[in-house]
There are 2 protein chains.
Amino acid sequence: MPVSRRISDSAVRRLSHYLRALETIQGEGGGTVSSEELAGRGHTTAAQVRKDLSHFGSFGKRGLGYNVQELMERLRGILGLDRIWRVVLVGAGRIGSALFEYPDFKARGYDCVAIVDADPEKIGTSWGGTVIRPAEDLEAVVQEYDVDLVILAVPASAAQDVAKRAVDAGAKGLLNFAPVQLVVGDGIPVEDVNLVMELEALSFQITRADAT
Amino acid sequence: MPVSRRISDSAVRRLSHYLRALETIQGEGGGTVSSEELAGRGHTTAAQVRKDLSHFGSFGKRGLGYNVQELMERLRGILGLDRIWRVVLVGAGRIGSALFEYPDFKARGYDCVAIVDADPEKIGTSWGGTVIRPAEDLEAVVQEYDVDLVILAVPASAAQDVAKRAVDAGAKGLLNFAPVQLVVGDGIPVEDVNLVMELEALSFQITRADAT
DNA sequence: TTGTGTGAATCCCTTCACAGCG
DNA sequence: CGCTGTGAAGGGATTCACACAA
């Protein structure tokens, strides 16, 4: 019984982890897993695995465990990976290029249909067949390709403006690499990736541990 | 009274946010902030700001608010940013180069003292004066420079091995870009950055919203 | 017997509300 | 009076423990 409850952000990350773990297990030839084994692959517990899955239905067999193949398909469906997501990359800098070449990127169904940048020297060149278009084409590109997700790999000063334009043009979600809090409409999910903040979390923990 | 409580991961991220907001406020010439204004800059509440700060002491003045300059210094101290952190980058690929060139990186006190890579063509070349050294030099580099943090920008297949070697050589924390769950000693903090997982969180939320 | 699915208990984080200080 | 600092209340998420199905 797939209940319509609010799912926490960390729970969603765990679902991603489970999927990745299942892929590994399948590669090792496993046809079945227990919640305990699945928990061992991530940093979580068997009870947590069962509870997470129970929010979406009952996929396992008592006394046996979960069918790897079936659970993978279920998780893909839950995470929305059973379709192609059209993505535009805004900002053809280093972060953008790193993302663009990320191996899992395409394998997971994320199709980068276009790249947009403000640098006149980059406009017109192409990455692996995808041409870099001028910044002002953003709205046109979003509508032309019926884009779902927009990746913001632009300087902090430009991020808010790009975000607003992207959402107004029809983007359904944003992945933001700029160190600013974006203000967008309520229904539009935004995921922030802030590399310096990750380092700060590390130095905090190390500092804290030393003090104890 | 700085209590020795366990601080949640999300609380630490909020502290980073506060620091960034304070920098902006200072740039705008503000000498004082209330918890309410600080809350408005991030996506949080005034009560949350006060509670977060209260874990480390009482930095504000009742009826007045917080002194921007002073609170910034306190936060820097709490996050461990009042010192230089020596960092080694493992993996001179695209993600590595993006990180290496990240502007805030050095400004926050993270000094990338060395780069290590396995590719013979890259070894010996240099990025902005920092020479790329062979993979087997990792331990030597960590000890030579008394390195604190190691950034893993390597393929998933290599990550666990590099992590173990780094920790054994004396690294105190890891920033991991490979999509694997690293197993390291208990006292070693690991922060994971998984770009595909961020996209999955987006597609989950969009899929969920559509279904409702 | 094994291992899931799930209410109950527990823990932790956020929010509330207000005493108290400037 | 204004706004912080903080105990208390509230809510969510994790953990426990066990009935039940294979």
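Quick note on labels: first sequence line is chain A, next is B, and so on, each numbered from 1.
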*asked:* On the nucleotide C:dT2, are OP1 or OP2 found under 4.0 Å from the side-chain N or O atoms that A:Tyr66 carries?
replied: no

_Under-4.0 Å salt bridge between A:Asp148 and A:Arg83_ = yes

*Answer yes or no: is there an ion pair linking B:Arg20 with B:Asp104, defined by an N-O contact shorter than 4.0 Å?*
yes

*asked:* Which label fits A:Phe204 and B:Phe56: parallel for a plane angle under 30°, tilted from 30 to 60°, or perpendicular past 60°?
replied: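 Rings of A:Phe204 and B:Phe56: perpendicular, as their planes differ by over 60°.
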
Rounding to a whole Å, what distance do you find between [X]:[atom1] and [N]:[atom2]?
| X | N | atom1 | atom2 | answer |
| --- | --- | --- | --- | --- |
| B:Phe59 | D:dG5 | CZ | P | 8 Å |
| A:Arg13 | D:dA13 | CZ | P | 14 Å |
| B:Ile7 | C:dC13 | CD1 | P | 8 Å |
| A:Leu64 | C:dG5 | CG | P | 11 Å |
| B:Lys61 | C:dG22 | NZ | P | 9 Å |
| A:Leu53 | C:dT4 | CG | C1' | 10 Å |
| B:Asn67 | D:dT4 | CG | C1' | 15 Å |
| B:Arg6 | C:dT14 | CZ | P | 13 Å |

*Within residues 19-50 of chain A: residues closer than 4.0 Å to DNA chain C (heavy atoms)*: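 Under 4.0 Å from DNA chain C: A:Ser34, A:Ser35, A:Arg50.
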
*Just one of A:Tyr110, A:Trp127, A:Phe105 clears the ring pair (Phe, Tyr, Trp, His ring centres under 6.0 Å) bar with A:Phe100, so which one?*
A:Trp127

_Please pick, from D:dG2, C:dT14, D:dA19, the nucleotide with the shortest atom-to-atom distance to any side-chain atom of B:Arg62._
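Ranking D:dG2, C:dT14, D:dA19 by closest atom to the B:Arg62 side chain puts D:dG2 first.
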
*Which pair of non-hydrogen atoms, one from A:Val141 and one from A:Ala114, has the smallest distance, and what is that distance?*
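Heavy atoms only, the tightest pair is CG1-CB, 3.5 Å.
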
*Just checking, is any N or O donor in the side chain of A:Glu139 or A:Gln143 under 3.5 Å from an acceptor N or O on the other one?*
no

*Between the side chain of B:Arg86 and the main-chain N/O of B:Tyr145, is any donor-acceptor distance below 3.5 Å?*
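Checking the backbone N and O of B:Tyr145 against the side chain of B:Arg86, a donor-acceptor pair under 3.5 Å is found.
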
*Do the side chain of B:Gln26 and the main chain of B:Gln69 share a donor and acceptor less than 3.5 angstrom apart?*
no

*Spell out protein contact along nucleotides 7-12 of chain D as letters: B when the base is contacted, S when just the sugar-phosphate is, - when no protein heavy atom is under 4.0 Å; keep the 5' to 3' order.*
BB----

_Restricting to salt bridge (charged side-chain N to carboxylate O under 4.0 Å, His left out), what partner residues turn up for A:Glu23, sequence neighbours left out?_
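So A:Glu23 forms a salt bridge (charged side-chain N to carboxylate O under 4.0 Å, His left out) with A:Arg76, A:Arg108.
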
